[in-house]
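A quick note: this is a predicted structure, and the numbers were derived from the prediction, not measured. Whatever order the structure lists ligands and atoms in, that order sets their numbers, starting from 1.
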Amino acid sequence: MTNRQVRVTELPKGTLKQDNFELTEADMPAVQDGQVLVKTTLISIDAAMRAWMQGATYRAPVKPGDAMPCYAISEVVDGNGTKFQSGDLVAGESVWADYAALPARGLMKLPKVEPLSHLMSVYGIAGKTAFHGLVNVGRVIAGETVLVSAAAGSVGGFVGQIAKAFGCRVVGIAGGPEKCAWVTEELGFDACVDYRDPGMFKALRAACPDGVDVYFDNVGGQVLETALFVMNERGRVVCCGAVSQYDTDAATGPRNLPGLVVVKRLRMEGFIVMDFVREDAAALRALQTWVASGQIKVTEDIVEGLENAPAALIGLLAGENKGKRMVRVAADPS
Ligand SMILES: NC(=O)c1ccc[n+]([C@@H]2O[C@H](COP(=O)([O-])OP(=O)(O)OC[C@H]3O[C@@H](n4cnc5c(N)ncnc54)[C@H](OP(=O)(O)O)[C@@H]3O)[C@@H](O)[C@H]2O)c1
């Protein structure tokens, strides 16, 4: 039996391209002590994967020849004497492949949820990142104005909807008029500003007449620079990611740091979702309540087929997606 894998041929210089990857056929993985054999069901496509190709981040960098690392939901095929049984559904670090041998200690057994994909979107890293960033880092309060970038993406879309559920005025930033209209009409944001429009600063001012109390930054760069100008005194800037800086070899940082942070007495704080693992249960309870009440709409963008994983990541970085992008490698186990 063979196993399809997508490997990194060469690290990207500038924009990620299809030929940075190759689809290969490998032998079935050999399972070592402490490992389980899994069959991949869903692969998460994350902007951060491009940052992993730039060097060390919160995880080891990707190297040429590696099967592309990812977060995945998989079905256990062989528990190999560990605590997992065949048929268990698990989530954890994996690779772009049909099958993988993974350390049992890195895997989490999943509950039965319908649809399974919600464990990768609203009840997965995206939903938890949005909740922890807004609540535990941004310390949002009802009545405040919350601004969020990459607002039509998976984390950003949840941030805005959670902030609405808290009773905030919510303004998004997204690429293009069609996405901005979708963010207000479908996700219920109060306004959304197109960062590709040269009049972005004026539009932001008009959309935030009382200034911004919490800016949830997913993009960094020039958008962050512009957002700092509309922050209120004592505002909080939640640094979640910097997608505008990942897919390029010419990074551009904001020029108004630390000046505006000083003058406006801002608190700017970065975080990684795992920092708040002890608060995950509270986050999941709140997210379930909002999904059940219809205050959070779950948008999923599922690309079919392992062979399409490179195009799915390239497309996400180009802004193709609305909501949580993932790749279906195999049908949900029944
Ligand atoms: N701190 C954490 O623990 C944590 C966890 C998960 C994710 N994150 C971060 O959250 C952010 C969103 O990640 P995601 O995986 O959920 O992806 P996503 O938001 O679903 O998709 C990425 C979006 O970024 C936007 N984008 C691409 N290039 C841009 C640019 N130059 N300027 C502005 N926007 C740009 C695109 O939308 P447009 O069409 O609007 O351009 C695209 O749809 C990333 O920064 C990621 O690193 C952080």
Just wondering, do T41 and V329 contact through their side chains at under 4.5 Å, heavy atoms? no
Between D301, L224, T248, N218, which one has a non-hydrogen atom sitting closest to atom 10 (O) of ligand 1? N218
For atom 6 (C) of ligand 1, closest protein heavy-atom neighbour: T129 OG1, 3.7 Å
Between D66 and M68, is there a donor-acceptor pair closer than 3.5 Å when you use the side chain of the first and the backbone of the second? no
Applying a heavy-atom cut-off of 4.0 Å, say which part of R196 lies close to ligand 1: side chain, backbone, both or neither. side chain
To the nearest 0.1 Å, how far is atom 38 (P) of ligand 1 from its closest protein heavy atom, and which atom is that? K179 NZ, 3.5 Å
Which atoms of ligand 1 sit under 4.0 Å from any heavy atom of S244? 30 (C), 31 (N), 32 (N)
Parallel, tilted or perpendicular: which one describes the rings of Y58 and W52, with boundaries at 30° and 60°? perpendicular
Hey, does I173 have a side-chain heavy atom less than 4.5 Å from the side chain of V148? no
Is there a donor-acceptor pair closer than 3.5 Å between any side-chain N or O of N3 and the backbone N or O of E25? no
Taking the six-membered ring for Trp, is the centroid-to-centroid distance between W290 and F158 below 6.0 Å? no
Donor-acceptor contact below 3.5 Å, side chain R236 vs main chain G138: yes
Does the side chain of K164 come within less than 4.5 Å of D190's, by heavy atoms? yes
Check ligand 1 against G153 and write out every atom of the ligand that is under 4.0 Å from a heavy-atom position of the residue. 18 (P), 19 (O), 20 (O)
Taking atom 26 (N) of ligand 1 as the point of reference, which of D275, V238, V243 owns the nearest heavy atom? V243
Please write down residue, atom name and distance for the protein heavy atom closest to atom 17 (O) of ligand 1. A47 CB, 3.9 Å
Less than 4.0 Å between a side-chain N and a carboxylate O, is that true for E10 and K17? no
What protein heavy atom sits nearest atom 48 (C) of ligand 1, and how far away is it? C240 O, 3.1 Å
Atoms in ligand 1 with a heavy atom of G319 nearer than 4.0 Å: 36 (C), 37 (O), 39 (O), 42 (C), 43 (O)
Min N/O separation E320 to ligand 1 under 3.5 Å: no
A side-chain contact here means heavy atoms from C-beta on lying under 4.5 Å apart; do V122 and I296 qualify? yes
Check the pair T82, N80 against side-chain hydrogen bond (donor to acceptor under 3.5 Å, both in side chains), reporting the backbone distance first and the verdict last. CA-CA 6 Å; T82 67; N80 193 31; over 6 Å; no
Can you report which non-hydrogen protein atom sits closest to atom 3 (O) of ligand 1, along with the distance? V273 N, 2.7 Å
Any N/O pair V223/ligand 1 closer than 3.5 Å: no
I need the contact type for L316 against ligand 1. Using non-hydrogen atoms and a strict under-4.0 Å cut-off, is it side chain, backbone, both or neither? both
Select one of side chain, backbone, both or neither to describe which atoms of A242 lie under 4.0 Å from any atom of ligand 1, heavy atoms only. backbone
So which heavy atom in the protein is nearest atom 35 (C) of ligand 1, and how far is it from that ligand atom? Y195 OH, 3.5 Å
For ligand 1, which atoms sit closer than 4.0 Å to a heavy atom of V219? 33 (C), 34 (N)
Which protein non-hydrogen atom lies closest to atom 47 (O) of ligand 1, naming both residue and atom, and how far is it? Y246 OH, 2.7 Å
Counting each atom of ligand 1 from 1 as listed, which ones have a heavy atom of A174 under 4.0 Å away? 40 (O)
Nearest non-hydrogen protein atom, atom 16 (O) of ligand 1: S154 OG, 2.7 Å
Do the side chain of T40 and the main chain of A97 share a donor and acceptor less than 3.5 angstrom apart? yes
At a non-hydrogen distance cut-off of under 4.0 Å, which region of L317 contacts ligand 1 (side chain, backbone, both, or neither)? backbone
Which heavy atom of V38 sits nearest to which heavy atom of L102, and what is that distance? CG2-CD1, 3.6 Å
